[in-house]
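Please read all numbers here as calculations on a predicted model, not as lab measurements.
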Amino acid sequence: CLAVKTDPITFATDEIGWYAVNINANDIACTGAVPRWFLATLLLPENSTTPALVDNIFTQIQTACADLGVSLIGGHTEITHGLNRPLVIGQMLGEVSPENIVTTAGAQPGDDLILTKGIAIEGTAIIAGEMRSALLPHFTAEILDAYANFLHNPGISVVKDAAIAMAAGGVHAMHDPTEGGIATGLHELAQAAQVGLQIYADQLPYLPETMALCRHFGLEPLGLIASGALLIAADPQFTKKITAALAANGLMAAVIGKVMPPENGVRLMSSSENIPLPTFDRDEIARLF
């Protein structure tokens, strides 16, 4: 089967070409497919486009494609009136055998919920990069460089995470939480599959770097843009096999909850409380900026 996805990168970033490849590849990987072919439409601002800008974007696209084993097979490039920044609209195609197709709607009551890497990896990187001058009085340059490098380490790609989980078996659904954070991703999975979720508050993998930035700006990490984490709903008989395979490949994974019947709702549970999982009308990073 052919899996097809399109996703635009519309915010200003020095790594827009790299982003376009990886974000589209993540969505393909969440279907159980292997990303194979990429097309890119570049819309460039009328008064500030230079040959160096275009060369840089295409170099990023080629590099990201090479890292993932993807072929750049076409696209379109133009100067577009009315833009003040470049836009890259990516289209990714992948292959998957019919028996291995996974959808977000596949989660089943009784499944374990596994989350890879950590919460708000992308949000951490964006805040450290974009708010650097405001943060320098409070954080060293070396610390902020390390936080900004979260784009690459642990990284926002979940292609490897998905491939390892699929090879281990027992995967019923996968989702890559993005805008609106992990909380929104969990609500999206529950809505797609028409199930309830029981989330273990004490098992959520908050990264200390993320928490430091969230405390500084008064942000809720559960609602902060979350590319880099893969959410997996899996048969509990395969949970240990999946988490062990991820760990063997250097990828942290935590069991953060359980899929429940729909009447359970989407709940955040700890030893002291049982409350509805928060919802976010907009991403916390949008509130910050």
Could you give all pairs that pass the side chain to side chain donor-acceptor pair (under 3.5 Å) test and reach residues 178-194, with sequence neighbours left out?
His175-Glu188
Show every donor-acceptor pair shorter than 3.5 Å between a side-chain atom in residues 210-231 and any protein atom, with sequence neighbours excluded, or say none if there are none.
{"residue": "Thr210", "atom": "OG1", "partner": "Thr124", "partner atom": "OG1", "Å": "2.5"}
{"residue": "Glu220", "atom": "OE2", "partner": "Leu222", "partner atom": "N", "Å": "3.0"}
{"residue": "Ser227", "atom": "OG", "partner": "Glu122", "partner atom": "OE1", "Å": "2.8"}

Linked, directly or transitively: Leu207 and Leu115 (ILVMFWY side chains, under 4.5 Å)
no
Taking all non-hydrogen atoms of both residues, which atom of Ile232 and which atom of Ala165 are closest, and how far apart?
CD1-CB, 3.8 Å
Under a 3.5 Å distance rule, please check whether Asp111 uses its side chain to pair with a backbone N or O of Gln108 as donor and acceptor.
yes
Out of curiosity, does Leu288 fall in the hydrophobic cluster containing Ile126 (side-chain heavy atoms, cut-off under 4.5 Å, transitive links)?
yes
Give a yes or no on whether a salt bridge exists between Asp112 and Lys258, defined as a side-chain N under 4.0 angstrom from a carboxylate O.
yes
Hey, is the main chain of Ser272 close enough, under 3.5 Å, to the side chain of Ser270 for a donor-acceptor pair?
yes
Specify whether Trp18 and His152 have parallel, tilted or perpendicular ring planes, treating 30° as the upper limit for parallel and 60° as the lower limit for perpendicular.
tilted
Using a strict cut-off of less than 4.0 Å between a Lys/Arg side-chain nitrogen and an Asp/Glu carboxylate oxygen, indicate whether Asp281 and Arg287 qualify as a salt bridge.
no
Beyond-backbone contact of Met252 with Leu246, side-chain heavy atoms, under 4.5 angstrom
no
Would you list the pairs meeting salt bridge (Lys or Arg N to Asp or Glu O under 4.0 Å) in which at least one residue belongs to residues 61-78, sequence neighbours left out?
none
Do Val4 and Trp37 share a hydrophobic cluster (ILVMFWY, side-chain heavy atoms under 4.5 Å, transitive)?
yes
Quick one: do Ile256 and Ile164 end up in the same hydrophobic cluster if we chain Ile, Leu, Val, Met, Phe, Trp and Tyr together by side-chain heavy atoms under 4.5 Å apart?
no
